[in-house]
Every structure is written in structure tokens, then in C-alpha cells.
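Numbering of ligands and ligand atoms starts at 1, following listing order. Just so we're clear, the structure is a prediction, and the values are computed from it rather than from any experiment.
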Amino acid sequence: MKLIISVILIALLFSASSTVRSQEIKREICITVDDLPVVTKYFKDTVTYNYITDNILAALKKYGIKSIGAVNAGKLYNGRTFYPERYKLLKKWLDAGQDLSNHTFAHKNYNKITFAEFVLDITDGEPILNDLLKPYGKELKYFRHPFLFRGDTKEKADSLQIYLDERGYVVTPVTIDHADYIFASAYEKAAFEKNDSLKKLIADEYFDYMGKVLDYYEVQSIKLFGYNISHILLSHASLINADNFDRLFAMYQEKGYKFVDFDDAVKDDCYKSKDEFYGKAGITWLHRWAITQGKRGDFFKGEPEVPEYIENFTK
Ligand SMILES: [Zn+2]
């Protein structure tokens with residue numbers, strides 16, 4: 001009798017917990033950081049560059065995040081002059097156990113150049129990345145499109161994808177995109193002008209905005225797929241992120257998000273979806289898939305906006 005009661009109890013408990021589980025929304029996010037070694041507008045000194053790199057890597061480490069840093073190898077040069085101190089920043093990424101991807105040499109706009117010219121920008125970025133990765137037992141594998149431009153005609157998009165496939169590249173899609181670069185520019189300007197109160201205000205606005213961005217894409221995902229996909233977030237190696245990644249990641253965790261590696265994130269079936277968007281806009285894969293599935297207008301409404309005074313301050 002006791003045994004029967006135990007079995008019933010266990011069965012009841014199991015069904016109760018599985019009901020709870022099925023009601024829970026999956027919350028997984030992969031963090032990617034673009035425009036390495038750093039992206040700055042006002043500060044161009046080695047101290048700031050190291051500060052940005054060290055803080056970003058410390059925040060990634062604190063939350064156990066395995067990230068992919070998308071490199072513009074052209075930033076290691078000024079004409080023919082090579083900057084060894086910038087090369088060392090990329091080594092710091094690898095020393096910290098992070099990975100690097102090719103984000104092209106000069107971050108060229110594929111909408112404005114030919115396929116052949118764009119291919120040159122990809123291959124120009126390769127030798128130095130191969131040199132960097134080799135001692136760590138890694139190979140150059142990932143590619144991130146500058147501006148998220150995949151090609152503004154079917155022909156250009158197909159040519160590029162076929163080329164990347166043949167070259168063995170794995171494209172790193174983005175499902176959460178936003179205007180962190182506007183906040184980054186305003187924040188850096190405030191820092192450069194030593195306006196600490198404005199700097200803090202921009203950081204707080206950015207924090208609120210990024211929370212809303214995450215909520216927005218969660219809703220978009222559920223609207224399109226019926227569940228919350230494993231997201232891939234785009235961010236940048238900027239001063240604002242160096243100073244705020246820690247609390248942003250804490251906020252993501254509070255919202256229930258678990259940090260996942262890129263290779264785990266892309267196991268989500270959503271990444272098999274077709275992208276037949278051939279416009280000029282640099283939009284997320286989530287929205288590419290939505291457009292491909294015929295979504296228009298209202299579907300995209302509600303994207304969080306950058307406060308006007310912040311946008312104006314960057315001008
Ligand atoms: Zn970029």
C-alpha cells in the first residue's frame with residue numbers, strides 16, 4: 001500500500017513539475033561583441049582601449065559567458081603602420097577563452113560595393129586572424145556581416161552566401177539588434193567632456209532601453225515562432241558597454257535568461273528558417289524570417305526608441 005501511495009505521489013509531483021516547466025518560457029541568449037578590438041569616436045589612446053577590453057572581458061568572465069568577438073582587422077593598421085598594442089587586445093580575448101570572427105577588414109558596406117570588392121574585404125581580414133587563432137588551437141570559422149547587410153539583391157545575397165559556405169565560414173546571425181551605437185556615441189562624448197552627470201543619465205537610459213529591447217524581441221519571437229527562441233544579441237566593444245555590461249548581464253539574468261554559447265544557440269530550429277529578404281536594411285534575422293513569412297507593418301511595431309536628447313547630443 002505504502003509503495004502504491006509513493007508511486008502515485010511521485011507521479012503527481014512529476015506531472016505537476018512538468019506542467020510548470022511547460023508553462024515556463026525558454027530564455028537563452030548568446031552574447032556577441034562587434035567591431036573589435038574596440039569601437040571609439042573620441043578616445044583613441046591605448047589606456048582607454050585596454051580599459052574597454054579589460055572591462056568587457058571581466059564582465060563576460062563574471063557571468064561565465066562564452067562570446068564571439070567580431071574583428072575588423074583593418075583597425076590594427078594605420079595605412080602601412082601596424083599597431084602591436086591593438087593586436088595585443090585581441091590576444092587578451094583569446095587568453096580569456098573567447099573566440100573571434102571575421103567582420104571584414106574595413107567594415108565595408110556591401111550595399112555600396114560589388115561582390116568582388118566585398119570578397120576582398122573578407123580575405124583581407126583573414127591572415128592576421130589566422131595568425132592570432134593558430135597558437136590557441138583554433139581556426140577562423142565565424143563570419144559576421146558588417147551592418148548586418150547580407151546583400152540587397154537576391155543575386156548579391158546568394159553569391160555571398162555561396163562564397164562563405166565554400167570558404168567554410170559559419171555565419172553568426174543576430175536576432176536582437178538595437179541602437180547601442182547611438183548611446184555609445186553620446187556616452188563617450190559625455191565622458192570626453194568630463195560631464196559625469198550626463199554620462200550617468202545616458203547609462204541609465206541605456207540600461208532601461210536594453211531591457212525593453214530584450215522584452216520586445218521576446219514578444220517578436222513568440223509572435224513568429226510560438227516560443228521564445230535562443231537569441232543571439234549583437235553588441236559592440238564600446239566604452240558604454242565596458243562600463244555597463246556587468247549590470248546589463250545581471251538584468252538579463254533577473255529576467256530569467258541563461259547565457260549560452262553560439263554553437264548551442266544555433267541548435268534552435270529557428271535558425272533553419274528561410275531568409276528571403278533582399279532589402280538594404282541591416283535588420284535582425286528574426287525580422288528577415290518574419291518578412292520572408294509575409295509579415296508586414298504592424299508586426300514590427302513597438303521597437304524601443306532612443307530618447308531624442310541622446311540622439312541630438314551625438315550630433
Ligand atoms: Zn560592425
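- A salt bridge does not link Lys267 to Asp263: none of the charged nitrogens lies less than 4.0 Å from a carboxylate oxygen.
- Between Tyr110 and Arg150, the shortest heavy-atom distance links the atoms CE2-O, 3.7 Å.
- Qualifying side-chain hydrogen bond (donor to acceptor under 3.5 Å, both in side chains) partners for Glu117, counting only residues two or more places apart in sequence or in other chains: Thr114.
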Return all side-chain donor-acceptor pairs below 3.5 angstrom for residues 26-33, not counting sequence neighbours, or 'none' if the list is empty.
unit_1	atom_1	unit_2	atom_2	d
Lys26	NZ	Ser230	OG	3.1
Lys26	NZ	Asp268	OD2	2.8
Arg27	NE	Glu218	OE1	3.1
Arg27	NE	Glu218	OE2	3.4
Arg27	NE	Lys255	O	3.4
Arg27	NH2	Glu218	OE2	2.9
Glu28	OE1	Ser230	OG	2.6
Thr32	OG1	Arg144	NH1	3.1
Thr32	OG1	Arg144	NH2	3.2
Thr32	OG1	Leu233	O	2.6

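- For the side chain to side chain donor-acceptor pair (under 3.5 Å) condition, the pairs that include at least one residue of residues 71-83, sequence neighbours left out, are Asn78-Tyr83.
- Protein contacts to the Zn ion (ligand 1) involving N, O or S atoms at a distance below 2.8 Å are Asp35 OD1, His103 NE2, His107 NE2.
- Between Trp289 and Phe225, the ring planes are perpendicular. Angles over 60° get that label, and only those under 30° would be called parallel.
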